Amino acid sequence: MDERSAEFNTRLEKLQAIKDSGIEPYPNDFKPSATTAFIIENFDGLDAAALEDKKDNLSIAGRIMAKRDFGKASFIHIQDRSGRLQAYVKKDVVGEETFALFKKADVGDIVGISGTLFRTRTDELTIEAATYAPLAKGLSPLPEKWHGLTDVEARYRQRYVDLMVNPGVKEVFAKRSEIVRFIRDFLSSREYVEVETPMLQQIPGGAAAKPFKTYHNALGMELYMRIAPELYLKRLIIAGLERVFEINRNFRNEGISTQHNPEFTMLEFYQAYATFDDLMDLTEEMISSLVQNICGATTITYQGTELDFAPPWRRVSVKDAITEHSNADIAIFTDKAEAQKFAASIGLELSDKFSHDKVIIEIFESVAEPKFIQPTFITHYPLEVSPLARKNDGDPSVVDRFELMVAGREIANAFSELNDPVDQRERFMAQIAEREAGDDEAHHMDEEYLRALEYGMPPTAGEGIGIDRLVMLLTDSASIRDVILFPQLRSS
RNA sequence: GGGCCGCUAGCUCAGUUGGAAGAGCAGCUGACUCUUAAUCAGCGGGUCGCAGGUUCGAUCCCUGCGCGGCCCA
């Protein structure tokens with residue numbers, strides 16, 4: 001064992017002293033009868049006389065977060081999953097032996113208390129200990145009581161300490177849980193079936209991204225961590241499930257930033273006989289009711305900016321978004337050289353190998369995307385950057401696709417699905433050409449998916465929503481690491 | 001990958017134009033049976049991120065590296 005602090009060793013000695021006195025320091029038979037929040041909810045309305053009359057015997061368990069000792073008595077704050085309650089441990093009441101045992105308790109220990117409620121002179125609802133039991137010694141001391149743990153690196157590496165001492169953190173993750181539950185309920189109530197599809201895939205499909213590679217020993221085969229569940233969910237549409245969704249992790253072998261963690265949570269859902277227009281309506285309804293439900297209003301503040309989720313949201317094409325936010329000539333949409341010239345004029349350094357459509361998208365992301373602060377659907381993406389989406393009937397150079405932008409960020413991506421297997425094969429071939437031209441994020445040929453598609457997929461629309469980014473918005477978090485319990489970090 | 005910033009006691013932070021370290025909380029000892037940043041008296045605690053360099057002397061200056069943060073790609 002490495003060298004420990006003096007305080008660690010002192011606590012270890014206290015633990016040994018408890019053992020030496022014949023008391024089990026890690027018992028597992030203590031059952032709290034109530035949470036601290038339950039007690040406050042049910043008894044905080046009663047005055048001292050009413051509490052005295054009732055004398056309900058209650059027991060609580062949790063971590064000591066504060067300790068104020070007197071010679072023969074002590075006030076401690078006990079924190080459990082629901083909150084905190086003050087306890088009063090008095091030598092006269094618990095007896096000499098138990099009080100000596102209590103003297104070995106430190107801030108950070110897990111303890112159990114049973115007793116009755118009373119009010120202190122300052123009117124704080126407090127449990128007077130009739131019994132006290134150590135349940136688990138905290139050998140490592142907790143951070144400082146005024147400032148808590150503020151070192152960002154320590155907060156991420158030791159999230160359990162962050163959660164213990166920084167109350168706002170628990171609220172973020174409680175909200176995250178509520179958000180996911182709301183979405184499950186919302187889709188389930190619309191007859192969507194929740195499914196789970198492979199995380200380990202032979203061909204990483206469904207998105208333009210670099211995958212993690214792994215290896216299956218028994219099969220003697222390379223596998224990839226999925227970058228998206230899309231192609232499996234669409235197999236289920238082909239199968240006739242008609243409405244499916246999955247909330248699960250995707251893995252992308254790319255940079256880490258305030259917006260990116262290598263593993264992140266994605267909601268994907270697919271609905272047969274729907275179009276991307278239908279999904280815009282559904283998305284407005286789902287997210288606006290989610291925001292209303294979680295935040296109590298459809299207007300929220302994100303990093304100082306007010307965001308209004310009340311529907312309807314603006315819908316604007318990629319083309320219009322670019323011309324609205326730049327002085328680009330419409331010739332860039334029909335002439336690749338014009339597009340390249342314009343891209344260069346705004347400082348974009350793009351490979352000559354980029355397709356015309358990719359140049360357009362780069363221009364869009366540079367000049368327009370950050371400008372869409374209020375919820376906005378950006379529609380009609382160029383064909384080549386959307387190899388799984390259905391061509392627009394009126395303009396086959398674009399697809400029936402939208403992305404939802406909020407606070408200048410992509411929150412959702414959806415389209416009417418390409419269900420023509422002949423067209424799909426051609427799109428895959430175009431992607432292979434892109435890959436050969438040096439784009440290592442281009443889609444792979446997937447014969448197994450084509451084989452499924454050849455059985456016939458009903459007209460369908462599908463959507464993906466980045467759960468982490470959504471949670472960031474609703475919890476006013478600046479970094480994705482603030483909404484992921486254990487974000488990826490370099491080894492320390 | 002690039003730029004800027006940070007890394008000092010368990011935690012939160014000072015500090016040194018280069019003479020080799022400080023506070024508060026936490027801890028320890030004592031007093032104290034209504035405190036809530038409890039109080040009072042006393043005490044202990046450091047690889048100043050790591051490795052080189054410059055220097056009589058480096059936590060401080062220089063170089064490299066590590067980890068983290070923010071911004072850019």
Side-chain angles (χ1 to χ4, degrees), chain A residues 2-15 17 36 40 48 51 63-79 83-96 98-100 102-109 115 117-129 132 137-162 164-166 210 254-261 303 343 346-351 362 365-366 369-370 408 477-482 487-492:
Chain A
D2 50 350
E3 206 162 302
R4 300 297 195 151
S5 69
E7 186 170 355
F8 182 96
N9 290 320
T10 303
R11 288 177 176 222
L12 208 52
E13 284 161 18
K14 289 176 180 173
L15 178 63
T36 59
I40 289 162
L51 289 171
R63 194 180 297 277
I64 300 177
M65 299 305 290
K67 193 160 178 276
R68 294 175 288 278
D69 288 323
F70 297 82
K72 299 180 182 67
S74 180
F75 287 96
I76 57 178
H77 268 112
I78 305 277
Q79 174 172 291
R84 285 183 185 195
L85 184 70
Q86 182 170 256
Y88 186 44
V89 184
K90 197 157 62 160
K91 191 174 181 180
D92 287 356
V93 179
V94 297
E96 200 157 326
T98 300
F99 197 74
F102 172 76
K103 279 283 191 186
K104 295 190 169 54
D106 289 298
V107 170
D109 288 6
L117 296 171
F118 74 106
R119 284 191 177 280
T120 65
R121 276 177 206 158
T122 53
D123 210 34
E124 180 167 347
L125 186 68
T126 300
I127 184 167
E128 184 177 75
Y132 158 83
K137 186 76 192 165
L139 294 173
S140 296
L142 256 38
E144 204 251 357
K145 65 182 173 189
W146 309 351
H147 306 91
L149 187 68
T150 62
D151 179 66
V152 181
E153 183 174 357
R155 288 186 47 224
Y156 295 150
R157 289 195 195 278
Q158 294 184 275
R159 181 71 90 182
Y160 44 92
V161 179
D162 190 29
M164 275 177 222
V165 302
N166 295 330
K210 295 188 192 97
E254 293 162 6
I256 294 178
S257 76
T258 51
Q259 311 289 316
H260 300 87
N261 194 62
Q303 304 291 296
I346 58 169
L348 292 176
E349 290 173 25
L350 305 179
S351 161
E362 292 285 340
E365 286 176 0
S366 172
E369 188 171 287
S477 300
S479 169
I480 196 168
R481 294 183 205 96
D482 294 325
Q488 203 57 241
L489 299 172
R490 281 192 172 82
S491 61
S492 50

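In what follows, chains are A, B, ... by sequence order, proteins preceding strands, each numbered from 1. Note that this is a predicted model, so its numbers are computed, not measured.
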Item to check | Whole-angstrom distance between B:C34 and B:U39, as gauged at atom P | outcome: 15 Å
Checklist entry - Rounded to whole angstroms, how far apart are CG on A:Leu142 and P on B:A9? => result 18 Å
Item to check | Euclidean distance for C1', B:U35 against B:C40 (whole angstrom) | outcome: 15 Å
Next on the checklist: Taking only the P atom of each, what is the distance from B:C70 to B:A23 in whole angstrom?
Outcome noted: 33 Å
Checklist entry - Does A:Gln158 use its side chain to pair, donor to acceptor, with the backbone of A:Val161 at less than 3.5 Å? => result no
Could you list the donor-acceptor pairs under 3.5 angstrom formed between side-chain atoms of residues 64-75 of chain A and any protein atom two or more places apart in sequence or on another chain?
{"unit_1": "A:Lys67", "atom_1": "NZ", "unit_2": "A:Asp69", "atom_2": "OD1", "d": "3.3"}
{"unit_1": "A:Lys67", "atom_1": "NZ", "unit_2": "A:Asp69", "atom_2": "OD2", "d": "3.0"}
{"unit_1": "A:Lys67", "atom_1": "NZ", "unit_2": "A:Ala105", "atom_2": "O", "d": "3.3"}
{"unit_1": "A:Arg68", "atom_1": "NH2", "unit_2": "A:His77", "atom_2": "ND1", "d": "3.4"}
{"unit_1": "A:Arg68", "atom_1": "NH2", "unit_2": "A:Gln86", "atom_2": "OE1", "d": "2.9"}
{"unit_1": "A:Asp69", "atom_1": "OD1", "unit_2": "A:Ser74", "atom_2": "OG", "d": "2.7"}
{"unit_1": "A:Ser74", "atom_1": "OG", "unit_2": "A:Arg68", "atom_2": "O", "d": "3.3"}

Next on the checklist: Taking only the P atom of each, what is the distance from B:U63 to B:C4 in whole angstrom?
Outcome noted: 11 Å
Next on the checklist: Work out how far the C1' atom of B:C11 is from that of B:A26, and round it to whole angstrom.
Outcome noted: 8 Å
Checklist entry - For A:Val165 and A:Gly148, which heavy atoms make the closest approach, and how far apart are they? => result CG2-CA, 4.3 Å
Next on the checklist: Before you tell me yes or no, could you show the steps for A:Asp109 and A:Lys104 under side chain to side chain contact (heavy atoms under 4.5 Å, CB included), namely the whole-Å CA-CA distance, both residues' side-chain angles and the distance that decides it to 0.1 Å?
Outcome noted: CA-CA 10 Å; A:Asp109 288 6; A:Lys104 295 190 169 54; over 6 Å; no
Checklist entry - Can you find a side chain N or O atom of A:Thr150 that sits less than 4.0 Å from OP1 or OP2 on B:U12? => result yes
Checklist entry - When we call it a touch if two heavy atoms are under 4.0 Å apart, what does A:Lys67 touch: a base, just sugar-phosphate, or nothing? => result nothing
Next on the checklist: Tell me whether the side-chain N/O atoms of A:Lys145 come closer than 4.0 Å to OP1 or OP2 in B:C11.
Outcome noted: no
Checklist entry - Does A:Gly108 offer a backbone N or O that forms a donor-acceptor pair with the side chain of A:Arg63 under 3.5 Å? => result yes
Next on the checklist: Looking at every non-hydrogen atom in both residues, tell me the closest pair between A:Leu125 and A:Leu85 and how far apart they are.
Outcome noted: O-CD1, 3.7 Å
Which protein N or O atoms sit under 3.5 Å from an N or O of nucleotides 32-35 of chain B?
{"unit_1": "B:C32", "atom_1": "N3", "unit_2": "A:Gly71", "atom_2": "N", "d": "3.3"}
{"unit_1": "B:U33", "atom_1": "N3", "unit_2": "A:Asp92", "atom_2": "OD2", "d": "3.0"}
{"unit_1": "B:U33", "atom_1": "O4", "unit_2": "A:Asp92", "atom_2": "OD1", "d": "2.1"}
{"unit_1": "B:U33", "atom_1": "O4", "unit_2": "A:Asp92", "atom_2": "OD2", "d": "2.5"}
{"unit_1": "B:C34", "atom_1": "O2'", "unit_2": "A:Arg121", "atom_2": "NE", "d": "3.4"}
{"unit_1": "B:C34", "atom_1": "O2'", "unit_2": "A:Arg121", "atom_2": "NH1", "d": "2.9"}
{"unit_1": "B:C34", "atom_1": "O2", "unit_2": "A:Arg121", "atom_2": "N", "d": "2.6"}
{"unit_1": "B:U35", "atom_1": "O2'", "unit_2": "A:Arg68", "atom_2": "NE", "d": "3.4"}
{"unit_1": "B:U35", "atom_1": "O2", "unit_2": "A:Arg68", "atom_2": "NE", "d": "2.7"}
{"unit_1": "B:U35", "atom_1": "O2", "unit_2": "A:Arg68", "atom_2": "NH2", "d": "3.2"}
{"unit_1": "B:U35", "atom_1": "O2", "unit_2": "A:Gln86", "atom_2": "OE1", "d": "3.1"}
{"unit_1": "B:U35", "atom_1": "N3", "unit_2": "A:Gln86", "atom_2": "OE1", "d": "2.9"}
{"unit_1": "B:U35", "atom_1": "N3", "unit_2": "A:Gln86", "atom_2": "NE2", "d": "3.1"}
{"unit_1": "B:U35", "atom_1": "O4", "unit_2": "A:Gln86", "atom_2": "NE2", "d": "2.9"}
{"unit_1": "B:U35", "atom_1": "O4", "unit_2": "A:Thr120", "atom_2": "OG1", "d": "2.9"}

Checklist entry - Closest heavy-atom contact between A:Leu142 and A:Met164? => result CD1-SD, 3.9 Å
Checklist outcome for this item: A:Phe8 CZ to B:G10 P, in whole Å, measures 13 Å
Item to check | Nearest-Å distance once atom C1' is located in both B:G6 and B:C65 | outcome: 16 Å
Item to check | Side-chain heavy atoms of A:Leu139 within contact of A:Arg4, under 4.5 Å | outcome: no
Next on the checklist: In this structure, how many angstroms lie between the P atom of B:A9 and the CD atom of A:Glu7, rounded?
Outcome noted: 15 Å
Checklist entry - Would a distance-only check, ignoring hydrogens and angles, find a side-chain to backbone donor-acceptor pair under 3.5 Å from A:Asn166 to A:Leu149? => result yes
Checklist entry - To the nearest Å, how far apart are A:Asn166 CG and B:C11 C1'? => result 11 Å
Checklist entry - Dot-bracket for RNA chain B: what is it, with Watson-Crick or G-U pairs under 3.5 Å, [ ] where a pair crosses earlier ones, and | for a pair to another strand? => result (((((((..((((.....[..)))).(((((.......))))).....(((((..]....)))))))))))).
Checklist entry - What heavy-atom pair brings A:Pro370 and A:Glu365 nearest, and what distance separates the two atoms? => result CD-O, 3.5 Å
Item to check | Span that lies between the P atom of B:A21 and that of B:U59, in whole angstrom | outcome: 10 Å
Item to check | Interatomic distance at C1', B:G18 relative to B:G53, whole Å | outcome: 15 Å
Show the distances under 3.5 angstrom between N or O atoms of the protein and N or O atoms of nucleotides 40-43 of chain B.
none

Checklist outcome for this item: Whole-Å distance, A:Arg155 CZ to B:G10 P, equals 21 Å
Next on the checklist: Distance check needed: B:G45 C1' versus A:Arg4 CZ, whole Å only.
Outcome noted: 17 Å
Checklist entry - What are the two closest non-hydrogen atoms of A:Ala478 and A:Thr258, and how far apart are they? => result O-CB, 3.9 Å
Next on the checklist: Walk along nucleotides 68-73 of chain B from 5' to 3' and tag each nucleotide B, S or - by protein heavy-atom contact under 4.0 Å, base first, then sugar-phosphate.
Outcome noted: SSSS--
Checklist entry - Do the side-chain N and O atoms of A:Tyr156 and A:Asp151 include a donor-acceptor pair separated by under 3.5 angstrom? => result no
Next on the checklist: Just the rounded figure in Å: distance from P of B:A38 to CE of A:Met65.
Outcome noted: 13 Å
Next on the checklist: Any heavy-atom pair between the side chains of A:Arg11 and A:Ser140 that's under 4.5 Å?
Outcome noted: no
Next on the checklist: The criterion is side-chain contact (heavy atoms from CB on, under 4.5 Å); which residues satisfy it with A:Leu350, sequence neighbours excluded?
Outcome noted: A:Ala343, A:Leu348, A:Phe354, A:Val359, A:Glu362
Next on the checklist: Looking at every heavy atom in both A:Thr36 and A:Gly83, which two are closest together, and how far apart are they?
Outcome noted: OG1-C, 3.1 Å
